[in-house]
Amino acid sequence: MNSSFTFDHSYATRFPSMVRPVLPTPVASPSMAILNEPLAKELGIQATESEWVAWGSGNQLPAGAHAVAMAYSGHQYGHYTQLGDGRAIVLGEHVMPDKGRVDIQLKGAGITPYSRRGDGRATLGPMLREYIISEAMHALNIPTTRSLMVVQTGEGVWRDDWLPGAILTRVAASHIRIGTFEQLAKGGDLDLLQDLLGYTATRHGFNADSNDVIIQEMVNRQLDTVMNWMRVGFIHGVMNTDNMALSGETLDYGPCAWVDEMRPMVVYSYIDRWGRYSYQNQPSIALWNLGVWMDAVSGLLKGSEGVKAEKLNQFKIDARDACERKWTRMMANKVGWVDVESNDDVRLKQLIGLMSRHHMDFTNTFAALTIGEYGAFESIIDMEWGEWMGYWQYRQANQDTELGRRLMRENNPVCIPRNHWVERGIKDALEGDMSLYHRLLSVYRNPYSVTIAGCYRIPPTPDEVVVHTYCGT
Ligand code: AMP
Ligand code: MG
């Protein structure tokens with residue numbers, strides 16, 4: 001264990017035009033809201049609470065930090081925009097005991113050269129939300145940025161009302177986004193763009209044999225992450241290209257939510273008026289975002305303009321095919337089918353249709369199949385459902401049954417951070433009582449355990465249903 005971070009700054013050193021040095025703005029009277037002790041241990045750091053608070057508030061830079069805001073642009077709801085870290089400051093890359101490298105970033109640490117009209121600040125509710133949901137995603141075995149701590153600033157932040165200010169310390173494999181590539185591609189310096197592609201590939205362990213291979217690996221990684229979201233009913237809510245990390249980690253938890261009752265087009269985000277980022281749209285949006293990224297790096301493909309265009313087109317077609325295949329495999333895992341047969345995509349879409357028709361709970365339906373709670377289906381009077389279940393049992397019986405069961409256990413969580421519980425935990429926390437928040441956190445750290453889930457598995461009553469989530473920027 002070390003007493004502080006071990007910083008390096010490979011990104012800032014190699015791409016000075018992509019960062020701007022900036023210092024966190026000190027805050028009045030910081031205090032710890034929550035510290036992630038297990039994560040601190042993984043990072044190999046042991047510090048006193050007052051040291052953590054000093055670092056997590058931005059009031060003191062840890063030794064070796066070189067604070068910067070990162071430049072990037074991105075497509076927001078389909079429209080290109082110049083962005084950059086408006087309220088986030090990267091302190092450096094911490095080199096872990098196992099030599100892994102993670103960005104340490106303060107979110108809400110004050111204005112930066114990219115703040116535009118924003119105040120550079122964040123509020124306690126949304127930061128506690130990012131903390132609990134990112135930790136839940138990690139426990140669900142989904143690649144994600146982590147949350148090291150939330151520090152209250154002791155200052156008010158104006159959002160239609162005075163709200164308590166807070167800063168989240170985020171730990172990420174990197175903060176290189178699709179929007180980072182968009183920004184560099186716009187500058188037109190192909191050598192620098194190639195350098196970024198190579199750097200990203202090395203940093204994130206892509207097979208970097210050629211740009212073509214890197215593109216394929218990136219497609220795989222992005223699609224795998226989104227399929228993981230689909231697997232657990234997670235709705236990111238703001239799949240803008242500036243929120244899509246090349247590492248494949250789920251990045252930027254704003255108005256995200258979870259499917260309760262199966263409604264494929266469900267949207268919670270208050271600002272997503274047209275349902276662009278609904279549950280069901282996520283794979284096609286991922287493809288759209290990958291298309292933006294491939295366009296950005298297309299200048300690096302070899303050959304004449306015609307050859308490049310053809311290659312680019314083929315990459316996009318391949319990505320679409322891979323997406324279909326991955327969706328079917330992911331769903332087959334959920335129903336425990338070891339082999340994918342030719343008509344399975346149709347059968348699995350039929351299941352989604354049946355679940356929607358009967359207003360079935362997404363998580364509990366798959367959990368019931370997994371742990372044999374068939375009583376949950378007794379009230380469903382529908383021939384098509386009966387036939388589907390009959391076929392499901394037939395498939396189970398005619399394969400390696402134990403392997404099928406294992407697939408289900410590993411892919412179907414018993415308990416997800418249901419929207420109404422998360423809201424309740426945060427509401428209590430804002431009123432000074434963190435007990436429910438801590439209880440939820442411990443349940444969400446064991447999402448595949450039936451014994452731990454308890455009442456937190458129960459879907460919301462009509463009164464409890466959360467209709468909208470807010471990004472809180
Ligand atoms: P997001 O929707 O959280 O990904 O944010 C989109 C952009 O708005 C990013 O460039 C953020 O840095 C910026 N932003 C969000 N909130 C603030 C804020 N309070 N002050 C300054 N910039 C912000
Ligand atoms: Mg963002």
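If you read the sequence from its start, that first residue is 1, and numbering goes on from there. Just follow the structure's listing: the first ligand is 1, and inside any ligand the first atom is 1.
Between K107 and E130 there is a salt bridge, since a side-chain N of the basic residue sits under 4.0 Å from a carboxylate O of the acidic one. Classification of R177 and D85 as a salt-bridged pair holds, one side-chain N sitting under 4.0 Å from a carboxylate O. Comment: K427 engages E431 in a salt bridge, judged by a side-chain N to carboxylate O separation of less than 4.0 angstrom.
With A122, G120, S115, G84 as candidates, the residue nearest to atom 10 (O) of ligand 1 on a non-hydrogen basis is G84. When the heavy-atom distances from atom 4 (O) of ligand 1 to N243, T123, I111, L83 are ranked, the shortest goes to N243. Among R87, R116, R121, the residue whose heavy atom lies closest to atom 7 (C) of ligand 1 is R116. Residue nearest to atom 21 (C) of ligand 1, selected from G86, G108, G110: G86 (by heavy-atom distance).
Protein heavy atom in closest approach to atom 3 (O) of ligand 1: T473 CG2, 3.8 Å. Of all protein heavy atoms, the one closest to atom 19 (N) of ligand 1 is D119 OD1, 3.0 Å.
Heavy-atom proximity to Q76, at under 4.0 Å, picks out these atoms of ligand 1: 6 (C). Listed by number with element, the atoms of ligand 1 under 4.0 angstrom from any heavy atom of Y72 are 9 (C), 10 (O). For ligand 1, the atoms sitting less than 4.0 Å from at least one non-hydrogen atom of G118 are 20 (N), 21 (C), numbered in the order shown with element in parentheses. Numbered from 1 in the order shown, with element, the atoms of ligand 1 that lie under 4.0 Å from a heavy atom of R159 read 19 (N).
Polar contact check, D252 against ligand 1: a nitrogen or oxygen pair lies under 3.5 Å apart.
One finds an angle of 80° at the Mg ion (ligand 2) between OD1 on N243 and OD2 on D252, to the nearest 10 degrees.
With hydrogens and angles left out, the side-chain atoms of T145 and Y253 include no donor and acceptor closer than 3.5 Å.
Atoms NE2 and CG, from H94 and N2 in turn, are 7.5 Å apart once rounded to the nearest 0.5 Å.
Counting heavy atoms from C-beta on, the side chains of P30 and N59 come closer than 4.5 Å.
Between H66 and H9, the ring planes are perpendicular. Angles over 60° get that label, and only those under 30° would be called parallel.
Under the 6.0 Å distance and 45° angle rule, R221 counts as a cation-pi partner of F206.
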